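Take a look at the structure below.
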Amino acid sequence: MKLNRRAFVGTGVAAATLSAPMVNAASHGKPKVVVVGGGAGGATAARYIAKDSAGEIDVTLIEPSRSYYTCFFSNLYIGGFRELDSIEHSYGTLASEYGINVVHDWATGVDRDAKTVALAGGGAVPYDRLILSPGIDFVDGAVPGWDVSAQNAMPHAYKGGSQTELLKAQIMAMPEGGTYVMVAPPNPYRCPPGPYERVSMVAHVLKANNPTAKIIIADPKPSFSKQGLFEEGWQKHYAGMVTRIGPDFGGDNVSVDPAAMTVDVDGEVIKADVVNVIPAQKAGLICEAAGLTEGNWAPVTGHTMQSRLDENIHILGDATNQGDMPKSGFSANSQAKVAAMAVRGALTGSRVFPAKFSNTCWSLIDTNDGVKVGATYEATDEKIAKVDGFVSQTGEDAALRQATYEESIGWYEGITSDMFG
Amino acid sequence: MAHSSGLFISVIGGAALVLGASYGWTAREFRAAELDVLTDRVGQLERSNADWASKADQTSALEARLSELETELSAALQAAEDAKQAAMQPVAEPVQESATDPVIADASALEFGDPARGEEVFAQCRSCHQIGQGATDRIGPHLNGIFGRRAGAHDGFRYSEDMSMMGSDGLTWELDTLNAYLENPKALVSRTRMNFAGLDDPQDRSNILAYLRQFSASPQNIPEAAPTAQAREVELAPEVLAIVGDTDYGEYLASECKTCHQQDGSDQGIPAITQWPTEDFVVAMHAYKRKIRPHPVMQMMANRLSDEEIAALAAYFAQTE
């Protein structure tokens with residue numbers, strides 16, 4: 001792919017007409033912010049900076065996908081509760097209403113001295129402040145036998161879109177009484193309840209279409225998010241269908257053979273019809289390429305979400321090592337608002353207030369059986385520290401569970417309009 | 001022949017005349033005697049009536065005294081029971097919030113008042129709510145068995161979405177929640193259909209609560225009017241309501257709200273919060289902060305907001321379009 005004007009123009013005709021004056025304005029010395037990654041962190045940050053600076057800051061958003069499929073609610077697509085297009089979003093409004101220069105290309109590296117971002121299509125985009133919100137990539141060799149070249153045979157479906165569609169198709173095509181195996185990831189990883197909500201949704205689909213099918217989870221973690229709630233729900237709705245092999249029974253010693261469609265759990269070979277491998281995770285590659293990681297993640301200060309290794313770069317969401325917040329879309333969205341405020345303060349002198357963060361994760365177990373967990377956080381010098389929290393209780397009545405599910409639908413509408421305008 | 005028959009008629013006529021005069025005298029005498037008897041009887045009845053009236057007065061006075069004694073006995077029994085419970089309960093009561101907190105300082109002990117006066121206060125409710133035998137849903141739901149009922153949970157009545165949602169979130173009508181709702185319905189349930197400004201006078205509320213309680217199925221399960229029955233009300237100190245919010249700060253804080261509450265005011269699954277009158281917003285957030293309003297997310301979010309931050313949010317949302 002070579003860089004051409006089109007790549008800078010963004011989405012749609014309206015964007016094209018707006019982007020021209022933005023380029024001119026940039027040459028008059030307006031401060032420039034570049035955002036890499038158009039998910040819950042990046043899209044939110046770009047939108048808030050553009051909106052609240054009212055044209056005082058040039059904002060460029062670099063995101064390879066023209067259509068963004070949210071990872072959150074993708075399990076509900078697998079369970080048959082959402083259509084795929086209901087979790088698909090475009091960047092048209094960010095370009096047309098907020099004047100954001102949306103560039104559909106891969107950011108491949110950062111020259112921190114020259115303060116430019118290199119694009120796969122060629123060329124480089126200059127910045128005064130850079131915001132990286134690249135999400136996750138997988139740790140090489142985390143599950144022996146699996147790499148990205150095997151993701152068609154054994155999908156991860158842990159980035160929304162085609163992988164989600166593929167996994168759903170494989171589940172629907174399972175033979176009667178077949179076996180679905182999930183290889184669950186070790187901590188920390190994107191969306192702590194995600195794998196277990198997925199198991200619930202797979203069970204929901206199989207119960208209706210293939211009730212003698214089995215679900216096996218090979219899990220390296222001794223315990224997991226909302227465990228009591230999920231286990232209660234599986235017993236209630238899908239009794240006998242779900243088996244979890246924890247580390248005490250070798251769930252932490254797993255390899256796969258994509259050609260044979262087998263999973264080896266501590267020496268015991270399981271023949272499977274669908275294998276959903278969710279490998280160990282690390283910060284999106286651009287963080288490592290920019291030299292901003294320590295270990296698998298990028299350390300940041302909670303006050304501003306600035307990288308601890310480069311004060312001109314803010315990092316958001318799943319890619320960060322920030323403290324107590326879980327890796328979730330909600331967290332990334334929350335962090336984006338703190339970063340947007342800090343960036344505007346630094347570039348235009350606007351008022352800056354103390355950082356406040358929050359997160360809530362809803363999960364669906366079965367029809368109208370929703371649960372949630374949430375917490376509030378504040379920035380300390382060491383980390384983002386938890387202040388207060390709550391979690392749904394086992395044994396809650398049906399009305400409350402239904403209200404929780406309906407609330408999650410409202411939240412989805414809220415956060416996606418907060419991201420994409 | 002004709003002559004003799006004429007005489008015969010005349011003789012009968014004379015006899016009839018004599019008889020008639022004789023009867024007339026007898027009837028007048030009889031009526032006078034009867035009137036005397038009746039007059040006597042009326043006199044007796046009037047005396048007896050007065051007697052009964054005074055007896056009825058005495059009875060109702062005795063009944064009232066009995067009722068007072070019963071109430072005293074019941075209170076004494078309750079006090080004894082409370083003392084017993086307190087003695088058997090070594091665990092400390094949950095820590096009360098600091099009395100120096102201006103928001104909490106106004107919280108006062110809540111007691112059931114006088115049901116008879118409550119019935120008078122209830123008159124203004126009757127246009128919408130029925131209560132008692134044969135009560136049915138009208139503009140508002142009937143209120144039999146309201147104590148202990150989950151909010152928005154009475155089958156067959158179409159509640160506002162907010163009321164249903166509060167019920168799902170766990171709002172149950174008890175002494176304290178009903179008191180808060182009666183004081184300011186929209187502070188507790190923002191978009192309730194109950195078009196009623198609220199009862200400012202705590203005495204009116206405690207009287208009406210006493211009246212409503214008579215129609216709940218299990219009044220013995222309701223917290224008694226013992227001095228230990230505390231309810232925290234959403235009564236905010238004037239200085240808290242007087243804080244002028246910083247809209248810039250409010251805008252930043254509000255960004256956190258907008259992850260869930262949509263900025264265009266749509267309310268699918270999660271209520272809209274735009275264009276909310278400032279004072280209602282402030283009262284509602286304090287009600288969450290003090291956990292009178294149910295909902296764990298909102299309680300958590302409100303819990304860490306200072307009075308100034310709540311005012312800032314209210315100021316910001318009041319000006320949103």
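Worth knowing before you read on, the calculation uses all heavy atoms, side chains too, and leaves out hydrogens, waters and symmetry mates. Each chain gets a letter, A, B and so on, in the order the sequences are listed, and its residues count up from 1. Since the model is a prediction, treat every value here as computed from it, not as a measurement.
Put simply, the side chain of A:Met341 does not reach to within 4.5 Å of the side chain of B:Ser255, judged on heavy atoms. Taking 4.5 Å as the limit, some side-chain heavy atom of A:Pro354 sits within range of a side-chain heavy atom of B:Tyr249. Looking only at side-chain heavy atoms (C-beta outward), B:Arg304 and A:Asp388 stay at 4.5 Å or farther from each other. Two residues are said to be in side-chain contact when any heavy atoms from C-beta on lie closer than 4.5 Å; A:Tyr48 and B:Lys258 meet this criterion.
Within 6.0 Å of CZ on B:Arg138 lie no more than 12 heavy atoms contributed by other residues, nucleotides or ligands. Shown here is A:Glu88, whose CD atom has more than 12 heavy atoms of other residues, nucleotides or ligands within 6.0 Å.
Contacts between residues 157-166 of chain B and chain A, counted as heavy-atom pairs separated by less than 4.5 Å, involve no residue at all.
For chain B, the option among A:Thr360, A:Ile415, A:Thr376 with the highest count of heavy-atom pairs below 4.5 Å is A:Thr376. Counting heavy-atom pairs closer than 4.5 Å to chain A, the top residue among B:Thr259, B:Val297, B:Ile270, B:Asn303 is B:Thr259. Highest contact tally toward chain B, considering only A:Val391, A:Asp397, A:Val387, is held by A:Asp397 [criterion: heavy-atom pairs under 4.5 Å]. Looking only at heavy-atom pairs under 4.5 Å with chain B, the residue among A:Asn333, A:Thr416, A:Thr404, A:Ile409 that has the most is A:Asn333.
Residues A:Asn359 and B:Met300 come closest through the heavy atom pair O-CE, 4.4 Å. Looking at every heavy atom in both residues, A:Leu400 comes nearest to B:Asp169 through CD1-CA, 4.1 Å. Summarising the geometry of A:Ala355 relative to B:Tyr252, their closest heavy-atom pair is CA-OH, 3.4 Å, with the distance given to 0.1 Å. Nearest heavy-atom pair, A:Trp411 versus B:Cys260, reported as atom, atom and distance to 0.1 Å: CD1-SG, 3.5 Å.
Although no hydrogens or angles enter the test, the distance criterion places a donor-acceptor pair under 3.5 Å between the side chain of B:Glu256 and the main chain of A:Ser358.
Contact annotation for A:Tyr412: neither backbone nor side-chain heavy atoms come within less than 4.5 Å of a heavy atom of chain B. With a threshold of 4.5 angstrom between heavy atoms, A:Ser417 approaches chain B through its backbone and through its side chain. For B:Gln299, no part sits under 4.5 Å from any heavy atom of chain A, backbone or side chain.
A search for side-chain hydrogen bond (donor to acceptor under 3.5 Å, both in side chains) contacts involving B:Lys186 returns nothing, not counting sequence neighbours.
Atom NZ of A:Lys356 sits about 5.5 Å away from atom CG of B:Leu305, to the nearest 0.5 Å. B:Leu253 CG to A:Lys337 NZ: the interatomic distance, rounded to the nearest 0.5 Å, is 11.5 Å.
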